[in-house]
Amino acid sequence: MWRELSPVGRHAGSGGYRRFAWSGADSECRAWFEEQVRGRGLAYEVDRNGNQWGWAGDPAGGDAVVTGSHLDSVPDGGAFDGPLGVVSAFAALDELRRRGVRFVKPLGIVNFGDEEGARFGLACVGSRLTAGALTVEQAHRLTDADGITLPQAMEAAGHDPGALGPDPERLGRIGAFVELHVEQGRALDLSGDRVGIASAIWPHGRWRFDFRGEANHAGTTRLADRRDPMLPYAETVLAARREAELAGAVATFGKIAVEPNGVNAIPSLVRGWLDSRAAGQESLDTVVEAVREAARAHAREHGVTLDVERESFTPVVEFDHALRDELARILGGGTDLEVPVLGTGAGHDAGILSGRVPTAMLFVRNPTGVSHSPAEYATEDDCVAGVLALADVLEGLACT
């Protein structure tokens, strides 16, 4: 499975993946998912929001156990973020069939659409729509860099966007959702463990900073006469790093748009996107407000106007404690073995669904600690350990 999926959407120059939602590479991934589902004799369906499902047993029976993740990527992302959870879900099912276990609950495998938000700027679109965390009106307003709306992109890829919206009936059939994911950090590498359990997702959000100045000639405009928005933007980037360090949080300006974007032109607009995350809401609020105030001060200093807009926000997500404890019990195997429990600053579909169904996450060790990059990695032995752990969890939840 890994060899089949590995070349899809891989960029020859960067070595990273460009599997953007409802693009050609994403369509190839979706076709691969359907092939895996049908090849195992599972019932295949695509829901109203474009998420793909494979079912062993009738989901209408309720109390279903679901696992899976996503197949799309960030620009030049790594091979494991998302796909490891999907591939491991199929491999875990294969392992359970090899064991000859009998399912007493429906088992589902899911590929959530547009988790990374690389094309339309909002993460977890498929799961947000399903959970009612994103309205139909908001979804219709999402556009990519070429001005193509989400519904237009879905329709071009062969999916009817007319039914977009909340899907409470589907979520009501799910008794537990367990998402396996490569760890996006080095906690497991430092502890020497192959697999861990998630405790919570840090609160996080995205804010857009628009610095507006005056376009002018780079060679003839005196420094004293300039209203250059690049200067307060650059100072704000440094302020974000400083404030994050003070609060024990993280803050990143990772995306920028410049107008008119000419080498010999002073910009009229610099638009930067801040991503900030912290272990607690108070720390996050402190960082974002401090960055906003620094940006305002620097903008005034350079005669530039500033607008700040919050584009997305997710509060702290505590995964279901009872389900988390059950995973720990299953993986402990009735011994004194303690499975590490760790928090994460990364958002996931499991976090979006947590308000509607009991959710949990398993992490697989990442020795590089790098994610959203071609350097993202997990060894084959650790991936197999993740599959076996997931199989044990699914057996404990769906076969008892």
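What you see is a predicted model; the values in this text were computed from it and never measured.
In this structure a side-chain-to-backbone donor-acceptor pair under 3.5 Å is present from S354 to G351. Under the 3.5 Å distance criterion, the side-chain polar atoms of R128 are left unmatched by any main-chain donor or acceptor of L122. Of the possible polar contacts, none joining the S127 side chain to the I352 backbone as a donor-acceptor pair under 3.5 Å is found. Remark: the backbone N or O of W22 is not paired with any side-chain donor or acceptor of S27 at under 3.5 angstrom. A donor-acceptor contact shorter than 3.5 Å is absent between the side chain of D210 and the backbone of R271. The backbone N or O of A350 lies less than 3.5 Å from a partner atom in the side chain of T359, making a donor-acceptor pair. Remark: the backbone N or O of V86 is not paired with any side-chain donor or acceptor of N111 at under 3.5 angstrom. With hydrogens and angles ignored, the 3.5 Å screen pairs a side-chain donor or acceptor of D228 with a backbone N or O of M230. A donor-acceptor contact shorter than 3.5 Å is absent between the side chain of R324 and the backbone of A360. Of the possible polar contacts, one joining the R10 side chain to the G15 backbone as a donor-acceptor pair under 3.5 Å is found.
The heavy-atom pair separating C399 from V101 by the smallest distance is SG-CG2, 3.7 Å. Scanning all heavy atoms of the two residues, the minimum distance from R212 to V304 falls at O-CG1, 3.1 Å. Of all non-hydrogen atoms in R18 and S14, the two that sit nearest each other are NH2-OG, 4.3 Å. The minimum heavy-atom distance linking A218 with R226 is given by the pair O-NH2, 2.9 Å. Considering all non-hydrogen atoms of both residues, A378 and P367 come closest at CA-CD, 4.2 Å. Here the closest heavy-atom approach between residue G175 and residue D63 is recorded as CA-OD1, 3.4 Å.
Ring pair F177/F319: centre-to-centre distance not below 6.0 Å.
Between W32 and M1, the closest side-chain pair of non-hydrogen atoms falls below 4.5 Å. For the pair L129/R48, no side-chain contact is recorded, criterion being any heavy-atom separation below 4.5 Å from C-beta on. Annotation: side chain of C383 is in contact with side chain of F80 (closest heavy-atom distance under 4.5 Å). Taking the side chain as every heavy atom from C-beta outward, L150 and P161 never approach each other to under 4.5 Å. For the pair V288 and F313, the minimum side-chain heavy-atom distance is 4.5 Å or more. A heavy-atom distance below 4.5 Å is found between the side chains of N261 and V258. At a threshold of 4.5 Å between non-hydrogen side-chain atoms, the residues T149 and L142 do not count as touching. Counting heavy atoms from C-beta outward, D167 and N51 have side chains that stay 4.5 Å or more apart.
Using a 3.5 Å distance cut-off with no hydrogens or angles, the side chains of H372 and D81 do pair a donor with an acceptor. Side-chain atoms of N366 and S371 include no donor-acceptor pair closer than 3.5 Å. For the residue pair S69/E179, the side-chain donor-acceptor check at 3.5 Å is satisfied. No donor-acceptor contact under 3.5 angstrom links the side chains of W2 and E380, judged on distance only.
With W53 as the aromatic partner, R170 meets the cation-pi criteria of under 6.0 angstrom to the ring centre and within 45 degrees of the ring axis.
Under a 4.0 Å N-O distance rule, the pair K255/D275 does not qualify as a salt bridge. One finds no salt bridge joining D72 and R19 here, because no Lys/Arg side-chain nitrogen approaches an Asp/Glu carboxylate oxygen to under 4.0 Å. At a threshold of 4.0 Å, the pair E326-R329 counts as salt-bridged, since one of the basic side-chain nitrogens sits closer than that to a carboxylate oxygen. Using a 4.0 Å cut-off between charged side-chain N and carboxylate O, E95 and R99 make a salt bridge. The existence of a salt bridge linking R365 and D381 is excluded, since no basic side-chain nitrogen approaches an acidic carboxylate oxygen closer than 4.0 Å. Salt-bridge formation is not detected for the pair E34/R30: no Lys NZ or Arg NE/NH1/NH2 atom is positioned less than 4.0 Å from an Asp or Glu carboxylate oxygen. Here R208 pairs with E311 in a salt bridge; the nearest charged N to carboxylate O distance falls below 4.0 Å.
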### Query
Would R242 and E245 count as a salt bridge (charged side-chain N to carboxylate O under 4.0 Å, His left out) if you check the C-alpha gap in whole Å, the side-chain angles of each, and the deciding distance to 0.1 Å?
CA-CA 5 Å; R242 182 174 62 251; E245 286 181 333; over 6 Å; no
### Task
Give the intermediate values and the outcome of side chain to side chain contact (heavy atoms under 4.5 Å, CB included) for residues L164 and H140.
CA-CA 9 Å; L164 286 175; H140 277 251; 4.2 Å; yes
### Task
Could you give me the CA-CA distance, side-chain angles and deciding distance for D94 and R40, then say whether side chain to side chain contact (heavy atoms under 4.5 Å, CB included) is met?
CA-CA 9 Å; D94 295 343; R40 288 171 172 78; 2.8 Å; yes
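The CD atom of E183 sits 10.0 Å away from atom OG1 of T368, with the distance rounded to the nearest 0.5 Å. One distance of note links OG1 of T236 with CG of L274; it measures 9.5 Å at 0.5 Å rounding. In this structure, CG in D114 is found 12.5 Å from CG in L71, a value given to the nearest 0.5 Å. Here the CZ atom belonging to R292 is positioned 9.5 Å from the CZ atom belonging to R310, to the nearest 0.5 angstrom.
With F209 as reference, F253 is the one residue of F253, W273, Y233 to meet the ring pair (Phe, Tyr, Trp, His ring centres under 6.0 Å) rule.
Under the 30°/60° scheme for interplanar angles, the aromatic rings of H181 and H70 are found to be tilted.
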